[in-house]
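Worth knowing before you read on, the calculation uses all heavy atoms, side chains too, and leaves out hydrogens, waters and symmetry mates.
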Amino acid sequence: MKKKLKHFVLFNRKVCQSLRKKGWEASTIDIKLRYTDFHTLTRAKTIKPTDDDKNIFETAWDLMKKARTRRVAVRLIGVELQIFLH
């Protein structure tokens with residue numbers, strides 16, 4: 001789990017840097033969780049528009065923790081940001 005968390009943090013940081021470079025803020029955070037048996041869950045949350053690493057990470061990670069309810073290995077974790085404000 002620590003390795004997944006590390007990759008998740010690094011990916012989040014890169015995405016937020018890209019948002020700041022473009023002068024954008026995201027207000028909807030979607031996650032996709034796919035298990036090895038291909039069962040897929042998606043969750044989303046709308047927050048105050050932000051480009052802040054910590055806010056986006058904490059929202060996405062909270063969605064991920066709540067969505068992961070099975071004892072089956074995970075094959076894919078996806079995060080999508082939507083509703084950009086410039």
Side-chain angles (χ1 to χ4, degrees):
M1 189 66 161
K2 285 184 181 183
K3 189 175 182 180
K4 288 178 188 173
L5 179 59
K6 180 181 175 184
H7 288 292
F8 198 72
V9 169
L10 292 173
F11 176 74
N12 180 71
R13 188 174 298 145
K14 285 182 181 182
V15 169
C16 290
Q17 285 174 346
S18 179
L19 284 176
R20 286 189 290 275
K21 240 184 213 183
K22 295 176 182 179
W24 292 353
E25 293 182 326
S27 63
T28 300
I29 297 142
D30 298 352
I31 61 104
K32 180 183 283 189
L33 188 63
R34 181 168 295 142
Y35 294 97
T36 53
D37 64 0
F38 288 91
H39 180 80
T40 303
L41 295 171
T42 57
R43 300 289 184 266
K45 185 172 184 178
T46 300
I47 61 172
K48 182 179 173 184
T50 187
D51 62 4
D52 181 65
D53 300 27
K54 185 178 179 192
N55 288 344
I56 292 173
F57 170 80
E58 286 177 353
T59 302
W61 193 250
D62 186 50
L63 288 169
M64 195 72 61
K65 287 190 302 185
K66 288 177 181 175
R68 188 152 194 249
T69 58
R70 301 175 70 210
R71 291 183 155 233
V72 178
V74 173
R75 69 176 282 121
L76 176 131
I77 297 173
V79 178
E80 181 180 3
L81 303 178
Q82 297 181 22
I83 308 178
F84 298 105
L85 301 174
H86 193 21

Under 3.5 Å, side-chain donor or acceptor atoms of residues 44-54 against the rest of the protein: list the pairs with distances, not counting sequence neighbours.
from	atom 1	to	atom 2	distance (Å)
T46	OG1	T28	OG1	3.3
T50	OG1	D52	N	3.0
D52	OD2	K54	N	3.3
D52	OD2	N55	N	3.0
D53	OD1	R20	NH1	2.7
D53	OD1	R20	NH2	3.1

Inset, instruction - Identify the heavy atoms of Y35 and T69 that sit nearest to each other, and give their distance. - result: OH-N, 3.4 Å
Legend entry - Any S18 side-chain heavy atom under 4.5 Å of K14 side chain: no
Inset, instruction - Would you give the length of the straight line joining atom CD1 of I83 to atom CH2 of W24, rounded to the nearest 0.5 angstrom? - result: 14.0 Å
Inset, instruction - Enter the distance from K66:NZ to L41:CG here, rounded to the nearest 0.5 Å. - result: 14.5 Å
Legend entry - Flag side-chain contact, heavy atom, 4.5 Å: L19 against I56: yes
Inset, instruction - Quick one: do V74 and L33 satisfy side chain to side chain contact (heavy atoms under 4.5 Å, CB included)? Show the steps, please. - result: CA-CA 7 Å; V74 173; L33 188 63; 3.6 Å; yes
Legend entry - pair T42-D30: side-chain heavy atoms closer than 4.5 Å: no
Inset, instruction - Find the distance between CD1 (I77) and CH2 (W61) and round it off to the nearest 0.5 Å. - result: 6.5 Å
Legend entry - Straight-line distance of M64 CE to I29 CD1, nearest 0.5 Å: 11.5 Å
Legend entry - R13 side chain reached by V9 side chain, heavy atoms, under 4.5 Å: yes
Inset, instruction - Using only heavy-atom distances, determine whether the side chains of T40 and R34 contain a donor-acceptor pair under 3.5 Å. - result: yes
Legend entry - Spatial distance of atom CG (L63) from atom CZ (R68) [nearest 0.5 Å]: 15.0 Å
